[in-house]
Amino acid sequence: MEIDVFTLFPEAFGWFERQRHVTNAIARGSRLSYVNYRDHTPLGAGQVDDTPFGGGAGMLIRVDVVDAAIRAHYGRDPLEVRKERRVIALTPGGRLLDDAFVDELAREHRLTLLSGRYEGFDQRVLDHFATDELSIGRYVLAGGELAAMVVCDAVIRKLPGALGHEDSTLEESFSEALAGAPEYPHYSRPAEYRGWIVPEVLLSGHHGLISQWRADQSRLRGARAREAPTEPADLPVADHTGGPLP
Ligand code: ADE
């Protein structure tokens, strides 16, 4: 997988690049690179943004600046580039990122992420250069860098060998294996801590019962999240005995 991130702050990705799943993916041939819009701007004094026509707060990343950066990096007109690869603009109003979208992106061999700053992009960037608009949630970040990192993180951990444990992403929250539901609870040693005990079934060594309990818990969590997504504290506590669920 090759991911190119267009950004005004390539240095923001330093910490992210040192994460184990990222170094694993890079060791297995993936590549992450950064293009700074400012390095390619056709305007003077490193200008990349401008005020919106019609007035209003904030500044927009200019369409000619994005054009120049994409053109310089790929050596082609951005209109051609978007025929060859997904060019994803990070915007608060874009398609919401979820596990299915992450899977879709992880199947691509090449991705381009366009991070915005200020009030976002001139609309012509989205209309003509991007293939997709992607949002990591319905709130507004000061810039697309964190959103780009979220996308890279979620996609890269799905690549073969990135987690060092091939099964890790198969049966996780929102996966097909769990029918899109959140993952079941996990416990580790000690089996009892301050009187809080691990569900008996998990200590039973009975794989069939454990699988059944996990599937039930996952479904229950999914149902509870659908009922009251913002009020988890008020919901009934999961059955931890390993007994059948209602
Ligand atoms: N840029 C600013 N806010 C964003 C969001 N919520 N998702 C993606 N990109 C963004």
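In each ligand, atom 1 is the first atom listed, and ligand 1 is the first ligand listed. Note: hydrogens, waters and symmetry copies are ignored here, and every other heavy atom, side chains too, is used.
We find that Asp132 and Arg86 are joined by a salt bridge, their nearest charged nitrogen and carboxylate oxygen being less than 4.0 Å apart. A salt bridge links Asp216 with Arg219: the closest approach of a Lys/Arg side-chain nitrogen to an acidic carboxylate oxygen falls below 4.0 angstrom. Checked for salt-bridge contact, Glu80 and Arg71 miss the test: no charged N lies under 4.0 Å from a carboxylate O.
Closer than 4.0 angstrom to ligand 1 by heavy atom are Leu90, Thr91, Pro92, Leu134, Ser135, Ile136, Gly137, Tyr139, Val140, Leu141, Ala147, sorted by chain and number.
Under the 30°/60° scheme for interplanar angles, the aromatic rings of Phe6 and His73 are found to stand perpendicular.
Residues satisfying the ring pair (Phe, Tyr, Trp, His ring centres under 6.0 Å) criterion with His109, sequence neighbours excluded, are absent altogether.
The main-chain N or O of Asp4 is never found under 3.5 Å from a side-chain atom of Ser33 such that the two would form a donor-acceptor pair.
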